Structure formats: C-alpha cells, structure tokens
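A short write-up of the structure that comes next.
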Amino acid sequence: FFATPDLNYRLTMVRPHILTLALSILIFYLLVYRGFLAIFLSSAVLSFFHLALAWLPVLLFGVVALAKLVVKRKLELRQLAAAALGSLLGLVLRPNFLAGAKLAYIQVVQLMTEKFKKLPLPVGSELKPASDPSILIHQLLPIALLVIPALIFLVLIIINKRFQNIPEPFRVTIVASLILTVIFGLLTVFIARRSMDLWVGFSLILVGLMFTYFIDFKKLFVPWRWLFYLVPAFVLMITPFNTLHFSSLYRRQGFPPEMFKEVSLWLQ
C-alpha cells in the first residue's frame with residue numbers, strides 16, 4: 001500500500017487497477033500451482049473488469065512457462081488455452097463487446113503506435129513514461145533498494161550452487177517473478193507509469209522469497225551480511241513518509257466528485 005506514491009494513489013480510486021493487480025498475482029500463483037479451470041475463470045474476471053489489460057493472463061502464462069522450462073525442462077501448453085479463452089470470455093460477456101474491443105485496441109495498440117511517432121498526446125501522466133529523474137527517485141528508488149540486495153543474494157546462491165536446494169515450485173516462482181520484474185520495470189520507465197503497479201507487485205514477490213531464503217541459508221557466507229537486514233529495515237521506515245507526501249500532492253489536484261453533476265445529467 002505504501003510502496004510508491006502512484007500505487008498508493010491508484011489503490012484508493014474507484015477504478016479497476018486494484019482488481020487487476022490482485023487478479024494478476026492470483027493468476028500468477030495459479031499458473032505455478034493449479035490447473036485449467038481456476039486460470040480460465042480468473043482470466044475471464046480480469047478481462048471483464050479491465051479489458052485494456054486482457055492480454056495480461058497470456059503474458060503471465062508465457063513468463064511462467066519460460067520459468068518452468070528453465071527449472072523443470074517442461075512446457076505446459078494447456079494453461080495457455082485457459083488464459084487465452086478466459087480473456088476472450090471476459091470480453092464477450094461485456095455489454096457491446098465489439099465496441100469494447102475497439103476501445104481496448106485504441107487504448108493499447110493505437111496509443112502505443114502514436115507514442116512511437118513522438119506525437120504530443122494530451123494524455124494523463126500515468127500513460128506517459130516514468131523517465132524523468134525526479135519520478136525515478138521518488139517512485140522507484142525505495143523498491144529498487146529492496147530489489148538490488150535480493151538480486152545480489154540470488155546471484156550468490158547460484159554461484160554457491162544452493163539454488164537447487166530451494167523447492168521446485170519456489171524456484172519457478174523466483175525465476176518468473178524476476179522476469180516479470182524486468183518486464184514491468186522497463187514498461188514503467190519507457191512506456192507508461194501505469195505499469196508501476198505490476199512492477200511493485202511482482203518485485204515484492206521476488207524480494208520476499210529471496211529474503212526468506214537469505215534467512216534460511218545461514219551457513220552460506222555472505223560478505224557484509226548485516227547490510228541485507230539493514231537496507232530493508234531502512235526502506236520500510238522511510239517509504240510510508242515518501243509515499244504519503246507525494247500522494248497527498250496528487251490529491252490536491254483533484255476535484256469534488258459532484259463538480260460536473262449537472263453536465264453529466266444533461267449528457268445522460
């Protein structure tokens with residue numbers, strides 16, 4: 001909730017972002033541990049509520065499938081059908097789904113095309129890249145301070161041949177969450193700040209797992225071991241203050257919910 005100002009702000013809005021984040025993490029879990037039906041239904045719900053991100057279940061499948069291929073040398077295509085068909089069902093269940101599909105195309109594909117043309121689009125800041133240095137510092141630095149030690153430890157346990165000591169499902173989860181952290185991090189910096197929600201979600205899964213095994217592998221020698229405890233503790237202390245300060249600035253730019261009531265009723 002306090003990870004970044006952008007995420008904190010969007011989680012308190014009446015928009016589908018909070019459902020999308022929760023359902024994405026649920027689908028990620030289901031792809032690692034469960035079967036066809038649960039993935040199908042969860043993908044349908046995500047697609048129904050947030051059509052512009054109906055491609056997420058298929059992306060998540062691709063990443064988890066790649067992680068399973070690396071860890072288990074096994075490919076499970078049945079889950080791809082569940083994710084794709086579920087997303088399609090969510091689209092069809094929406095009222096006027098053809099117009100909805102067209103709108104989703106404009107929001108995702110056409111908007112991306114126009115961005116690459118470098119046109120000065122008057123869109124909200126969440127659809128613009130988080131490439132400004134001040135944004136990177138206030139938004140991404142706190143979580144990056146957690147991700148960096150996690151990545152260092154991951155490299156250390158691979159070098160020390162301890163990665164195989166981690167149970168197979170968790171190895172799949174670590175590899176998949178690492179790939180998703182990179183994907184959504186790049187999307188956040190170069191495409192749209194809206195991707196930050198998913199970057200935070202999957203990077204914290206990676207951080208949580210690596211910290212768990214850092215504590216478990218006590219016999220593994222790690223230089224400057226105390227830093228791996230001190231950095232997360234420091235980040236957890238400063239992050240809420242940073243987040244609440246900047247998200248409060250966002251809220252000052254808002255307007256009362258009934259400000260356009262008369263115009264809305266006239267349009268209706």
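Atom set for the values below is all heavy atoms of this structure, side chains included, hydrogens, waters and symmetry mates excluded. Quick caveat: nothing in here was measured; it's all calculated off a predicted structure.
- Side-chain contact between L53 and W55: present, with at least one pair of heavy atoms (C-beta onward) separated by less than 4.5 Å.
- In this structure, I18 places its CD1 atom where only 12 or fewer heavy-atom neighbours from other residues, nucleotides or ligands lie under 6.0 Å away.
- In terms of heavy atoms, S24 sits closest to L56 at OG-CD1, 3.4 Å.
- Linking Ile, Leu, Val, Met, Phe, Trp and Tyr whenever their side-chain heavy atoms come within less than 4.5 Å puts V207 and M196 in one cluster.
- In terms of hydrophobic clustering, with Ile, Leu, Val, Met, Phe, Trp and Tyr side chains grouped at heavy-atom distances under 4.5 Å, L244 and I135 are assigned to different clusters.
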Item to check | Derivation of the ring-ring contact (aromatic ring centres under 6.0 Å, His included) call for H138 and H245 | outcome: CA-CA 10 Å; H138 298 308; H245 170 68; 8.0 Å; no
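- Results of the side-chain contact (heavy atoms from CB on, under 4.5 Å) test with F1 over L7, T243, T12 single out T12 as the only residue that passes.
- Hydrophobic clustering (ILVMFWY, side-chain heavy atoms < 4.5 Å, transitive): F234 and F211 are in distinct clusters.
- At least one side-chain heavy atom of F163 sits under 4.5 Å from a side-chain heavy atom of I174.
- In this structure, F28 and L180 have side chains that are in contact, with non-hydrogen atoms separated by less than 4.5 Å.
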For residues 36-46, dump all side-chain donor-acceptor pairs below 3.5 Å to protein atoms at least two apart in sequence or in another chain.
| from | atom 1 | to | atom 2 | distance (Å) |
| --- | --- | --- | --- | --- |
| S42 | OG | A38 | O | 2.8 |
| S43 | OG | I39 | O | 2.8 |

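- A distance of 8.0 Å separates CD of E114 from CG of L111, quoted to the nearest 0.5 Å.
- Nearest heavy-atom pair, G100 versus L51, reported as atom, atom and distance to 0.1 Å: O-CD2, 3.3 Å.
- Note that the CZ atom of R78 and the CZ atom of F61 stand 12.0 Å from one another [nearest 0.5 Å].
- Both F170 and V32 sit in one connected hydrophobic cluster of ILVMFWY residues. Membership requires side-chain heavy atoms under 4.5 Å apart, directly or through other members.
- Applying side-chain contact (heavy atoms from CB on, under 4.5 Å) to P57 and the options L31, I27, L85 leaves one that passes, I27.
- Two residues are said to be in side-chain contact when any heavy atoms from C-beta on lie closer than 4.5 Å; V172 and K72 meet this criterion.
- For the pair F97 and L93, the minimum side-chain heavy-atom distance is 4.5 Å or more.
- Residues M259 and E262 come closest through the heavy atom pair O-OE1, 4.2 Å.
- Of all the heavy atoms in V58 and A84, the pair that sits closest is CG2-CA, 4.1 Å.
- Qualifying side chain to side chain donor-acceptor pair (under 3.5 Å) partners for D132, counting only residues two or more places apart in sequence or in other chains: S134.
- Contact of the L206 side chain with the L151 side chain is registered, since non-hydrogen atoms from C-beta on lie closer than 4.5 Å.
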Next on the checklist: Please evaluate residues Y9 and F246 with respect to the criterion side chain to side chain contact (heavy atoms under 4.5 Å, CB included), reporting the C-alpha separation (whole Å), side-chain torsions for both, the decisive distance (0.1 Å), and the verdict.
Outcome noted: CA-CA 9 Å; Y9 182 63; F246 285 98; over 6 Å; no
Next on the checklist: Would L59 and F184 count as a side chain to side chain contact (heavy atoms under 4.5 Å, CB included) here? Give the steps.
Outcome noted: CA-CA 11 Å; L59 172 66; F184 290 121; 3.9 Å; yes
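- With hydrogens and angles ignored, the 3.5 Å screen pairs no side-chain donor or acceptor of S47 with any backbone N or O of A54.
- For the pair L154 and I157, the minimum side-chain heavy-atom distance is below 4.5 Å.
- In this structure, OG1 in T173 is found 8.0 Å from CD1 in I205, a value given to the nearest 0.5 Å.
- Distance check: I166 CD1 to T212 OG1 gives 10.0 Å after rounding to the nearest 0.5 Å.
- Using modelled atom types, no side-chain atom of R194 and backbone atom of E126 make a donor-acceptor pair closer than 3.5 Å.
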Checklist entry - What's the verdict on side chain to side chain contact (heavy atoms under 4.5 Å, CB included) for R171 and K68, showing C-alpha distance, side-chain angles and the deciding distance? => result CA-CA 9 Å; R171 277 186 280 144; K68 287 181 178 179; over 6 Å; no
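- Once rounded to the nearest 0.5 Å, the distance linking CG of N242 with CG of L141 reads 8.5 Å.
- I238 and I143 fall into different hydrophobic clusters, where Ile, Leu, Val, Met, Phe, Trp and Tyr residues are linked whenever their side-chain heavy atoms come under 4.5 Å apart, directly or through other members.
- For the pair R193 (side chain) and A130 (backbone), a donor-acceptor distance under 3.5 Å is absent.
- With rounding to the nearest 0.5 Å, the separation of CG in L198 from CD1 in I183 is 11.0 Å.
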Next on the checklist: Could you walk me through whether F2 and L236 satisfy the side chain to side chain contact (heavy atoms under 4.5 Å, CB included) test, starting with their C-alpha distance in whole Å, then the side-chain angles of each, then the deciding distance to 0.1 Å, before giving a yes or no?
Outcome noted: CA-CA 9 Å; F2 294 112; L236 290 173; over 6 Å; no
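- Between P129 and I191, the closest side-chain pair of non-hydrogen atoms is not below 4.5 Å.
- The two residues S177 and F202 have their closest heavy-atom pair at CB-O, 3.7 Å.
- Closest heavy-atom contact between A3 and T239: O-CG2, 3.5 Å.
- No donor-acceptor contact under 3.5 angstrom links the side chains of N8 and Y250, judged on distance only.
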